[in-house]
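Since the structure comes first, as structure tokens, the remarks are kept for the end.
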There are 2 protein chains.
Amino acid sequence: MTTRTPKKQEIHDRELRIMELAREMLLTGGYHGLSLDSLAAELGVSRGTIYNHFKCKEEIILALLIETMDRRREMFQRAAGYQGVPRVRLAAIGVAAELFVRLYPDHFRVEQIVKSDSIWDKTTEERRSLVKTCQMQCVGIVAGIVRDGMAQGHVTLPEGMTPEALVFGLWSMTEGAYSIIATSDAVKELGISDPFRSIRLNIHGMVDGFGWTPLQKDLDYHHMMEQVMKDVFPEEYSRLKQAW
Amino acid sequence: MTTRTPKKQEIHDRELRIMELAREMLLTGGYHGLSLDSLAAELGVSRGTIYNHFKCKEEIILALLIETMDRRREMFQRAAGYQGVPRVRLAAIGVAAELFVRLYPDHFRVEQIVKSDSIWDKTTEERRSLVKTCQMQCVGIVAGIVRDGMAQGHVTLPEGMTPEALVFGLWSMTEGAYSIIATSDAVKELGISDPFRSIRLNIHGMVDGFGWTPLQKDLDYHHMMEQVMKDVFPEEYSRLKQAW
DNA sequence: GTACATTCCTGACAATATGTCAAAAAACGA
DNA sequence: TCGTTTTTTGACATATTGTCAGGAATGTAC
């Protein structure tokens, strides 16, 4: 199916190379660093050929975003399947989120660009809906764990608060934290040596605040998260340790 | 001092008009919506004149960012001066943050653009340091309240967690939430009718999680925040109500 | 009021983008 | 091998940022 004809194969391979190179350029030079002129030159094709693969520059960026978003969803799914009480499974999601952002730090660069620019008008409905689907699935996975916790009587949310609202809080905190870490050197100047640990502590505090058992003081979450890494994300874990 | 000569006054006035119009264009069309060509045309001057005011397009954007950041810092300062126990003062900061983002929704648009684009190289050191100073001052104000709470024995942070780390968590959550609200319609689809309320609940939960007294259940924070609005931000409050 | 100095404004110019498309080239199929 | 289809090309149209020499307006001294 992949190698129907040599030509098809060549085109398919080129698309991969376009995205690889585009990600590199975007990472080093931001939106303006991704020049279709240089991209085409570097690839040894004309600019017209690039437009045969993608309708416009923005479509390339969105394709890059979807690529990593998909990877994150896959990691979330694996984490959610971890054996244990719901709160531990929630912590496993945290492990996945942190591993993801540390393994693919350029993902946030791309996300920022997508958020800042009014690129949505130019892109195809198909790709846009892919982004949204991916987002909602991630939220759904986490909300499912919250529901499990409630069903098992481990946590009761305040009046008028839905599981999705709690997930929204978790999502906001991680999203905001990673964005601040990536774009500001404020964290260093605040004397925060390990911002990821800070966020973990904050999230543990928040979950504790809703009385979700077992509470932080009754379980060694730090040790547990190490375990999750080794059990669920062995490959990613070793890759991260190599990089550091 | 302001009206030294008619000419100086004219130039000064024009700078205000440039920023006003630039903000408008940036808000409606993002980074690319701000075209110096149209800007100059609309203002009835040549593009060269714009460059007499600002070194480059990015400087205009940064100037806009600083303008609103300054306004937020001023609001934070007022909130921190509210009479009450530290936790209530912290809630007052929350009121300020929420009022700010609702009164100046375009601020986040500008912030996203600044974060996404590699504009920092092009801008002057002077403006860049203004941004950072403003950030650090906001954090400092909130961290001071946390320190007050600790000094008065209302809260004890976990081993190895600094007041700045807690502020980092609060900052992340609000930053992330406002960014998600502004750029994704996910919140609506999640059935979250009032995302600002959701964030308030999450933050209350988090502060509760650290055992900061008086706890949420012992004080009517909802009523208290209404009071803060009327006491500390009467003008902003009425302006918000008008807009809605 | 006039002449001179200074400041300010202009619009053409260079450089660099993106996106389009007719025509050329290559690949395919019988 | 030859006609058909697909793919690639590069010139073109259009738009944008930033520069700068020269000209216009303004301020100043007498």
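When the P atom of C:dG19 is taken as reference, atom CG of A:Leu39 falls 13 Å away, rounded to whole Å. For the pair B:Asp37 CG and C:dG11 P, the interatomic distance rounds to 12 Å; values are reported in whole Å. Atom-to-atom, OH of B:Tyr51 to P of D:dT16 comes out at 12 Å; the value is rounded to the nearest Å. Across the protein-nucleic acid pair, A:Leu36 atom CG and C:dG19 atom P stand 7 Å apart, rounded to whole Å. Between the P atom of C:dT18 and the CZ atom of A:Phe54 lies a distance of 15 Å, rounded to the nearest Å. Protein atom CD1 of B:Ile61 is 15 Å distant from nucleotide atom P of D:dT16, rounded to whole Å. In this structure, B:Leu43 places its CG atom 11 Å from P of C:dT10, rounding to the nearest Å. Per the geometry, CD1 belonging to B:Ile119 stands 15 Å off C1' belonging to D:dT17, to the nearest Å.
Using a 4.0 Å heavy-atom criterion, one finds that A:Leu34 contacts the sugar-phosphate atoms exclusively.
Taking 4.5 Å as the limit, some side-chain heavy atom of A:Ser172 sits within range of a side-chain heavy atom of B:Ile180. Here the side chains of A:Thr174 and A:Ile203 are in contact, with some heavy-atom distance below 4.5 Å. Using a 4.5 Å heavy-atom cutoff, the side chains of A:Val101 and A:Phe196 are in contact. Proximity of A:Glu98 to A:Tyr178: side-chain heavy atoms (C-beta onward) are separated by under 4.5 Å at one or more points.
Within residues 123-131 of chain B, no residue approaches DNA chain D, by heavy-atom distance under 4.0 Å.
Residues B:Tyr31 and B:Glu58 have side chains that bring a donor and an acceptor to within less than 3.5 angstrom of each other. Defined by atom type and a distance below 3.5 Å, a donor-acceptor pair is missing between the side-chain atoms of A:Glu59 and A:Tyr51. At a cut-off of 3.5 Å, with distance as the only test, a side-chain donor of B:Ser179 or A:Lys115 sits close to an acceptor on the other residue.
For A:Ser38 and A:Lys55, each mapped to the nucleotide of DNA chain C holding its nearest heavy atom, the one lying further toward the 5' end belongs to A:Ser38.
Annotation: ring-ring contact (aromatic ring centres under 6.0 Å, His included) contacts of B:Phe168 (sequence neighbours excluded): none.
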Show the distances under 3.5 angstrom between N or O atoms of the protein and N or O atoms of nucleotides 5-9 of chain D.
{"residue": "D:dT7", "atom": "OP1", "partner": "A:Lys8", "partner atom": "NZ", "Å": "3.4"}
{"residue": "D:dT8", "atom": "OP1", "partner": "A:Lys7", "partner atom": "NZ", "Å": "3.4"}
{"residue": "D:dT8", "atom": "OP1", "partner": "A:Arg14", "partner atom": "NH1", "Å": "3.0"}
{"residue": "D:dT8", "atom": "OP1", "partner": "A:Arg14", "partner atom": "NH2", "Å": "2.4"}
{"residue": "D:dT8", "atom": "OP2", "partner": "A:Arg14", "partner atom": "NH2", "Å": "3.1"}
{"residue": "D:dT9", "atom": "OP2", "partner": "A:Ser46", "partner atom": "N", "Å": "2.9"}
{"residue": "D:dT9", "atom": "OP2", "partner": "A:Ser46", "partner atom": "OG", "Å": "3.3"}
{"residue": "D:dT9", "atom": "OP2", "partner": "A:Thr49", "partner atom": "OG1", "Å": "2.6"}

- [ ] Please lay out, stage by stage, how B:Glu236 and B:Arg78 fare under the test salt bridge (charged side-chain N to carboxylate O under 4.0 Å, His left out).
- [x] CA-CA 12 Å; B:Glu236 283 87 351; B:Arg78 263 195 285 163; 2.6 Å; yes
